[in-house]
Amino acid sequence: MPDVAVDKSLPAKAKSPVPAPLNKWVRIYQAMKQQRLLDEKMVLLQRQGRIGFYGPITGQEAATIGSVSALEKQDWVVPALREAGAALFRGLPMDQFIAQLYGNSLDWIQGRQMPCHYTYKDGRYVSMSSCIATQLPHAVGIAMAAQYQKKNEVVLAYLGDGATSEGDFHSAMNFAGVYKTPVVFFCQNNQWAISVPVRSQTASKSIAMKAAAYGFDGVQVDGNDAVKVHEVTKKAVDKARRGGGPTLIEALTYRIGGHTTSDDPSRYRNEKETAAWAKKDPVDRMRKYLVSKKLWSTKQEKDFEDQITARIKKVVDEVEKAPPPPVKSIFEDVYAQMPWHLREQMKEASRERA
Ligand SMILES: Cc1ncc(C[n+]2csc(CCOP(=O)(O)OP(=O)(O)O)c2C)c(N)n1
Ligand SMILES: [Mg+2]
């Protein structure tokens, strides 16, 4: 019988010294803090009408960065909605993160996707799929291919609590269990799927326990504890790499902001609930932990914040200056040899734009 472990320990109470290498935790913290600063700025840009749309990650930084940091370079990230921090952690340049939101000529994908659908080929970070849970069978497919080709690769597949109600969740979990694929399902249980609370999503006592029905381990972790999230994910990734099969991790966290900038959570959520979760802020918590271990200081915090804030401003200024994608980009990158009728349409559209 696979175990359904419940791990509620807090990093502030951790008795053991921080495992080596020490700077791993600082790197994780810096990525979390950078993500928070980016979120604040991107929401502001949307409110000023400078970008059209943004999906905030605030409150879920420990879950995202704590987990992605457990991967090796050759591994894959198949994101859900709120894992842009994972792409940045794997090396997505900040100008690409911002250019994707503007969808202009600097954007690698030339504005062909909705904002927040970042892609990063070199980091093996595939674009998120807008359709909830469709990424999960894809992730299992990538893992099966790696297994078949005897490649030393693990797939980290993210999902929200809402995704667990989709048929694709079942298909993916079932295939993963039967074929023991090297995949780690990481569920960011942020308590809400837009306006639907998790209690209306499932009658199960936890999401983690669903793994038992598919024949593999499920583990619940405090998703606002970056250290614990990292450790639990590392264990699951290592197991998958050894051929030990999949794991479903349920990270208990909270979406502090709206579902997106188009949402107003005060219409359906009790603000007391949000305030209570805000007190468990994962960024503050990790900073306090690092300070208590003498790995970080108030001065380092201020310097880092100033440096990242200035960098974001500089990148936004540069990206904002770029023109829209050329009109011909609508026709490119589909066919190796563009058919004659598209060539004609492209010429016509280019004349109209001019
Ligand atoms: C198949 C499908 N149904 C509905 C939607 C509309 N939709 C977009 S996000 C979302 C909620 C997702 O909730 P969850 O999986 O918990 O992720 P979270 O937004 O909380 O990160 C819904 C219902 C969709 N995109 N795809
Ligand atoms: Mg959710």
Side-chain angles (χ1 to χ4, degrees), residues 32 35-36 38-39 42-43 46 52-68 77-87 113-118 125-140 156-173 184-204 206-211 218 220-224 229 248-270 273-274 276-278 280 282:
M32 291 168 62
Q35 191 56 52
R36 176 64 58 87
L38 275 167
D39 249 30
M42 297 308 114
V43 170
Q46 195 280 336
F53 173 92
Y54 187 69
I57 292 145
T58 297
Q60 297 181 223
E61 295 88 347
T64 303
I65 311 295
S67 54
V68 75
V77 181
V78 181
L81 286 85
R82 299 178 203 282
E83 284 83 24
Q113 259 288 20
M114 201 185 154
C116 297
H117 289 58
Y118 321 91
Y125 177 100
V126 309
S127 171
M128 82 173 216
S129 158
S130 280
C131 307
I132 297 301
T134 54
Q135 77 279 11
L136 301 174
H138 301 166
V140 175
L156 182 56
Y158 288 95
L159 60 145
D161 41 295
T164 62
S165 298
E166 291 286 348
D168 278 335
F169 172 76
H170 163 72
S171 310
M173 296 279 286
V184 175
F185 298 102
F186 191 95
C187 179
Q188 299 228 25
N189 178 359
N190 63 4
Q191 315 301 320
W192 292 88
I194 314 186
S195 56
V196 177
V198 71
R199 67 174 177 277
S200 306
Q201 207 68 251
T202 182
S204 299
S206 77
I207 287 171
M209 72 190 295
K210 290 174 189 276
Q220 202 178 52
V221 63
D222 178 344
N224 283 14
V229 169
L248 169 65
I249 298 171
E250 175 187 9
L252 295 169
T253 184
Y254 195 79
R255 190 196 81 212
I256 293 289
H259 174 69
T260 66
T261 46
S262 312
D263 178 41
D264 173 8
S266 69
R267 303 272 298 269
Y268 55 81
R269 241 174 26 180
N270 183 338
E273 177 191 284
T274 313
W277 275 93
K280 298 189 254 186

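Counting starts at 1 for both ligands and their atoms, in listed order. What you are looking at is a predicted structure, and each value in this text was computed from that prediction instead of being measured.
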Report yes if [X] has an N/O atom closer than 3.5 Å to an N/O atom of ligand 1; otherwise report no.
X: Ala193; result: no
X: Trp192; result: yes
X: Leu81; result: no

Problem set entry | The one among Glu166, Gln191, Gln60 that brings a heavy atom closest to atom 3 (N) of ligand 1 |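 Closest candidate by heavy-atom distance is Glu166.
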For this session: Could you list which atoms of ligand 1 come closer than 4.0 Å to a heavy atom of Gly162?
Result: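 Checking each atom against Gly162, I get 14 (P), 15 (O), 16 (O).
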Exercise. Does Arg82 reach ligand 1, in the sense of a heavy atom lying below 4.0 Å from it?
Worked result: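 Flag set, Arg82 near ligand 1.
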Exercise. Taking heavy atoms and a distance under 4.0 Å, where does Asp161 meet ligand 1: side chain, backbone, both or neither?
Worked result: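 It is both parts that get close, each with some atom under 4.0 Å.
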Exercise. What is the distance from atom CE of Met128 to atom SG of Cys116, rounded to the nearest 0.5 Å?
Worked result: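 Answer for the CE-SG pair, Met128 versus Cys116, is 6.5 Å.
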Exercise. Can you find a side-chain donor-acceptor pair between Asn190 and Thr253 that sits under 3.5 Å?
Worked result: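 No, Thr253 and Asn190 have no side-chain donor paired with an acceptor closer than 3.5 Å.
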For this session: Check the side chains of Gln35 and Glu61 for a donor-acceptor pair under 3.5 angstrom, ignoring hydrogens and angles.
Result: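 Note: Glu61 and Gln35 side chains miss the donor-acceptor criterion.
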Problem set entry | Side-chain ion pair, Arg269 and Asp263, N-O less than 4.0 Å |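 No, this pair does not count.
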Problem set entry | Heavy-atom closest contact (His259 atom, Tyr268 atom, distance) |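 In terms of heavy atoms, the two residues are closest at N-OH, 4.4 Å.
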